[in-house]
Structures are given as structure tokens and as C-alpha cells.
Protein chains: 2
Amino acid sequence: MGRNLSFDEKKVLSAITDTFRQKGYEATSIKDIEKATGLTSGSLYNSFGGKEALFDAALSHYNDYVVRHRISIYLDKTEDPLQGLKDLFHSLLKEPDGLSNGCLLTNTAVEFNNRLRHITQDLDTGFSLLEAGFKRQIEKCSTTGQIPKHSSPQQASIRLLILYQGILVFVRAGLRINEIELTLDQEIETIIRGDIS
Amino acid sequence: MGRNLSFDEKKVLSAITDTFRQKGYEATSIKDIEKATGLTSGSLYNSFGGKEALFDAALSHYNDYVVRHRISIYLDKTEDPLQGLKDLFHSLLKEPDGLSNGCLLTNTAVEFNNRLRHITQDLDTGFSLLEAGFKRQIEKCSTTGQIPKHSSPQQASIRLLILYQGILVFVRAGLRINEIELTLDQEIETIIRGDIS
DNA sequence: ATTGTTTTAAAATGAATATTACAAAATGAT
DNA sequence: ATCATTTTGTAATATTCATTTTAAAACAAT
């Protein structure tokens with residue numbers, strides 16, 4: 001009972017997430033979020049709580065939709081597992097419209113500096129999603145025979161995770177994009193091809 | 001002629017830099033900088049200009065002193081070039097007092113999102129310092145015979161740069177520190193040992 | 001239709017912000 | 001010693017910010 005919500009929560013969360021992703025937490029004002037969502041502060045505060053709660057919701061939404069979706073498309077659903085892995089990394093370098101929004105996990109990790117436990121927890125969740133996706137993909141590559149069996153898919157997956165986040169720093173800065181493009185495949189392959197010693 | 005400056009500019013710039021490095025640009029207030037430096041806003045505005053100018057000065061100071069100093073100590077002046085390179089990377093994981101200030105280049109790249117040309121320019125300068133240091137070190141390792149001659153020290157140096165920035169994202173988040181510690185040497189060695197094909 | 005409940009928009013609030021204005025203090029030159 | 005100049009601390013300013021308040025609007029149940 002009572003008045004119905006006037007908005008689609010997933011659409012609104014997506015707009016909020018994009019705003020935080022582009023501008024960061026501190027640089028985003030409630031007014032920015034009002035503009036991005038078309039809602040007024042009354043609705044935002046009533047539905048989500050304050051600015052910090054809005055950010056929490058955005059970060060969770062990012063994990064549940066953006067990160068999972070990318071893993072699903074590029075990794076789990078791909079025909080050629082090695083190529084899918086490479087495509088995922090190369091896609092980081094090709095943001096549409098000359099934007100450099102990067103990754104909300106990267107941006108949040110750097111901005112929040114391990115100050116809020118629940119934020120760090122959400123970051124851990126997101127990083128773990130990527131890490132597990134990488135590990136599955138490495139094992140898939142071994143199974144298909146594209147690469148020799150890796151001595152430690154676990155170690156390789158964290159090395160891919162570091163590479164992933166490192167690239168996103170330069171994406172965000174708008175620097176070294178071409179140079180990274182040129183060396184990316186080689187870096188992926190040397191990580192992936194961890195021969196059994 | 002006129003009244004003398006009451007402070008040591010290098011000391012003050014160092015305090016300003018530490019503050020921005022720890023909290024980021026937006027989250028740092030002029031009052032924070034007053035506390036960190038012991039100066040009042042009158043002096044700060046008279047000597048440096050506004051907040052943006054303070055940040056510019058801090059970023060330049062970071063390049064000229066912190067980055068150069070680290071390269072000098074860990075790379076250029078080291079007896080064992082391979083060990084120096086490894087030590088440099090491991091030092092990222094061992095910030096004193098449980099702090100996670102990370103690197104001002106990383107933090108700024110992520111926060112500023114390529115919006116201010118002169119900031120991006122300073123970032124490019126800092127990244128280039130690291131990149132060139134890495135390249136010299138790789139060549140030194142070849143000369144001493146610690147590693148075989150690399151097919152492309154240039155490519156290897158940018159891969160080290162990505163690794164460096166990627167690690168700093170996790171340092172800042174306070175996540176995966178032990179896991180990175182375990183795999184770091186291996187990652188460095190595989191980048192360094194780019195055999196001539 | 002009335003009641004109770006929730007959502008919404010707009011205005012109000014109060015704190016924090018970057019910056020400026022200004023007068024006193026400190027210095028060197030004359 | 002006076003003057004001109006620069007620095008410094010304090011106070012003032014004006015804006016922006018997150019949040020709260022408030023009343024009207026929209027719904028479901030009775």
C-alpha cells in the first residue's frame with residue numbers, strides 16, 4: 001500500500017553507477033545524481049538513504065551486472081577461450097566516445113584507500129569474480145589444448161588481475177594506450193603459458 | 001626586499017604532497033593542508049595560489065623528489081641490478097605503519113581522468129621516469145649477464161610499468177597483498193627474460 | 001469517500017568549502 | 001627612522017554541499 005515508485009530501480013542504479021564511475025565518489029554531488037537519474041533528492045533519500053548508501057548500491061550493482069556481464073560475454077560464453085580472454089583485455093582499451101571511465105573497482109580501490117570496511121568487502125567480491133573467471137578460462141585453455149597445462153592457474157589468475165587493474169590506471173589517465181595495445185597479447189600469453197616445471 | 005618566507009619550501013611541499021597522496025585531491029581541504037603544514041591559508045594562497053596550484057606543485061615535487069629518489073636508490077645505485085628491481089617492487093607492498101598511501105601518480109591518474117591537460121602532462125613525466133629507469137635496469141641486467149639479452153627492453157619496461165601500477169591499485173585497496181608478494185618475483189622474471197626469438 | 005501509508009518535489013537548513021579582503025608584522029632600501 | 005614591499009594570520013564572503021522538513025500527490029484497503 002502507498003504510492004508506487006516512479007522509477008525503474010535497475011535503470012536508476014545504472015545511471016548512478018555510471019556517474020560515480022565517471023567522476024568518482026567525492027567529485028559526484030547529489031545534484032549530479034539528480035540530473036543523471038531525473039529524480040529529485042527526496043526520492044533518492046527515501047529510496048536509498050544518503051550519499052554513502054547510494055554509492056554502496058552502485059558498487060554492488062556494478063559487481064552484479066557490469067562485472068558479471070563482462071565475464072559472461074567475454075569468458076564463459078566464448079567459443080575460443082584464449083581469444084575471449086584477449087578480447088576482454090583489449091576491450092578495456094576501447095571505450096566508446098573517447099571516454100575514460102575505466103572500472104569502478106579500480107577507481108574505488110584507489111579513492112577509498114581501505115577506509116570503509118564494507119566498501120573494501122565489495123571490492124574484494126568484484127576482484128574475486130574476475131580472478132575466478134580468469135582461472136576458469138586458463139583451465140579451459142588447457143583443456144582445449146590451446147596452451148600447455150599450467151603449473152598454477154591460481155597464480156596466473158592473480159597475475160592477470162594485476163595486469164587488468166594496471167591497464168585500467170592508464171586507461172583512466174589516457175596515457176600509453178597504443179603501447180599497451182602493442183604488448184598486451186604477449187603479456188597475456190607469457191602469464192598463461194606457465195609451463196609445469 | 002619585503003618580509004621573508006617563514007617556512008622551508010621543500011618541507012612544506014613534502015607535507016602537502018603527503019596529504020594529497022593519502023586523501024586524494026577532492027577529499028583534501030585547505031584546512032587539511034593548513035594542519036599538515038602548520039601554515040595558514042593566507043600564506044598558502046600567497047605563495048602557491050589556489051588549491052589546484054597547490055596540487056600542481058605537489059605533483060611536480062613528487063616527480064622530482066619521490067619518484068627520482070626511488071629510482072636512484074633502488075635502480076641506478078644498486079650493486080645487483082636484478083635484485084634492485086625486485087626490491088623496488090617489493091617495497092611497494094611494505095608501507096610503514098600499516099598505511100596505504102600508494103603512489104601519487106596512480107591515485108592522480110585514476111582521480112583526474114584525463115581532464116586537466118597539465119596534470120596529464122605531469123603524469124606522463126612521472127610514468128616516463130619509471131619507464132626509462134626500468135629500461136636502463138633491464139639493459140644493465142643483460143650486461144651483467146644476469147639475464148639473456150632482451151629482444152625488446154622497451155616493451156619489457158612498459159610491461160613493468162603496468163605491473164607497477166597494477167600492484168599499487170591493490171596496495172591502495174589493502175587487498176591481495178600476500179598473494180602478490182608470492183607471485184611477484186615470477187612475474188618480474190618472466191617480463192625481464194624476453195628471449196630473442 | 002475516507003483513512004493510512006508511501007512517494008515525490010520543493011524549500012529550508014546548517015555545515016563545510018575555497019577564496020578574498022585586510023590589517024599587522026617583518027624585512028631591505030633610502 | 002621612514003618607506004615600500006612582502007608575508008602572515010584572522011576574519012569575512014559567497015558558494016556549494018548533504019541532508020531534513022514539509023506538504024501535496026498517489027496509491028491500497030476499508
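Since the structure is predicted, the reported quantities are computational estimates derived from the model, not experimental observations. Here is how names work: the chains are called A, B, and so on, in the same order as the sequence lines, proteins then strands, and each is numbered from 1.
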Between A:Asn107 and A:Arg21 (side chain of the first, backbone of the second, donor and acceptor by atom type, cut-off under 3.5 Å), is there such a pair? yes
Students often get this wrong, so: under 4.0 angstrom with heavy atoms, is A:Gly42 touching a base, only sugar-phosphate, or nothing? base
When you match B:Glu26 and A:Gly38 each to their closest nucleotide on DNA chain C, which lands nearer the 5' end? A:Gly38
Residues at least two apart in sequence or cross-chain that pass side-chain contact (heavy atoms from CB on, under 4.5 Å) with B:Glu26, listed by chain then number, are A:Glu26, A:Ala27, B:Glu111
Take the protein atom CD1 of A:Ile30 and the nucleotide atom P of D:dT19, then report the distance between them rounded to whole Å. 6 Å
When you measure from the side chain of B:Ser14 to the backbone of B:Lys10, do you find a donor-acceptor pair of N or O atoms at a distance under 3.5 Å? no
Between the main-chain N or O of B:Gln154 and the side-chain N or O of B:Ser157, is there a donor-acceptor pair closer than 3.5 Å? yes
To the nearest Å, how far apart are B:Glu34 CD and C:dT19 P? 12 Å
Using heavy-atom distances to pick each residue's nearest nucleotide on DNA chain D, tell me which of A:Asp32 and B:Thr40 is more 5'. B:Thr40
No-hydrogen, no-angle side-chain donor-acceptor test under 3.5 Å, A:Gln83 and A:Lys86: no
Is B:Ser6 near enough to D:dT8 that one of its side-chain N or O atoms lies under 4.0 angstrom from OP1 or OP2? yes
Expressed as a whole number of angstroms, how long is the span from B:Lys51:NZ to C:dA16:C1'? 12 Å
Would you mind reading off the distance between A:Phe7 atom CZ and D:dA25 atom P, rounded to a whole angstrom? 21 Å
Kindly say whether B:Asp122 contributes a backbone atom to a donor-acceptor pair with the side chain of B:Asn63 at under 3.5 angstrom? yes
Which label fits A:Phe48 and A:Phe7: parallel for a plane angle under 30°, tilted from 30 to 60°, or perpendicular past 60°? parallel
Report yes or no: is the cationic atom of A:Lys51 (NZ for Lys, CZ for Arg) under 6.0 Å from the centre of the six-membered ring of A:Tyr25, at an angle within 45° of the ring normal? yes
Give the rounded distance in Å between these two atoms: CZ of A:Phe55 and C1' of D:dT19. 19 Å
I'd like a table of atom pairs between the protein and nucleotides 3-6 of chain C - only N or O on both sides, under 3.5 Å - with the distance next to each one.
residue: C:dT6; atom: O2; partner: A:Arg3; partner atom: N; Å: 3.3

d(NZ, B:Lys31; P, D:dG9) in whole Å: 15 Å
Assess the side chains of B:Asn46 and B:Ser43: does a donor N or O sit below 3.5 Å from an acceptor N or O? no
Rounded to whole angstroms, how far apart are CZ on B:Phe48 and C1' on C:dA18? 17 Å
Reckon B:Ser43 has a side-chain N or O less than 4.0 Å from the OP1 or OP2 of D:dG9? yes
Rounded to whole Å, the CD-P distance (A:Glu9 to C:dT7) equals 11 Å
Check the interface with nucleotides 11-14 of chain C: list each N/O to N/O pair with the protein under 3.5 Å, or write none.
none

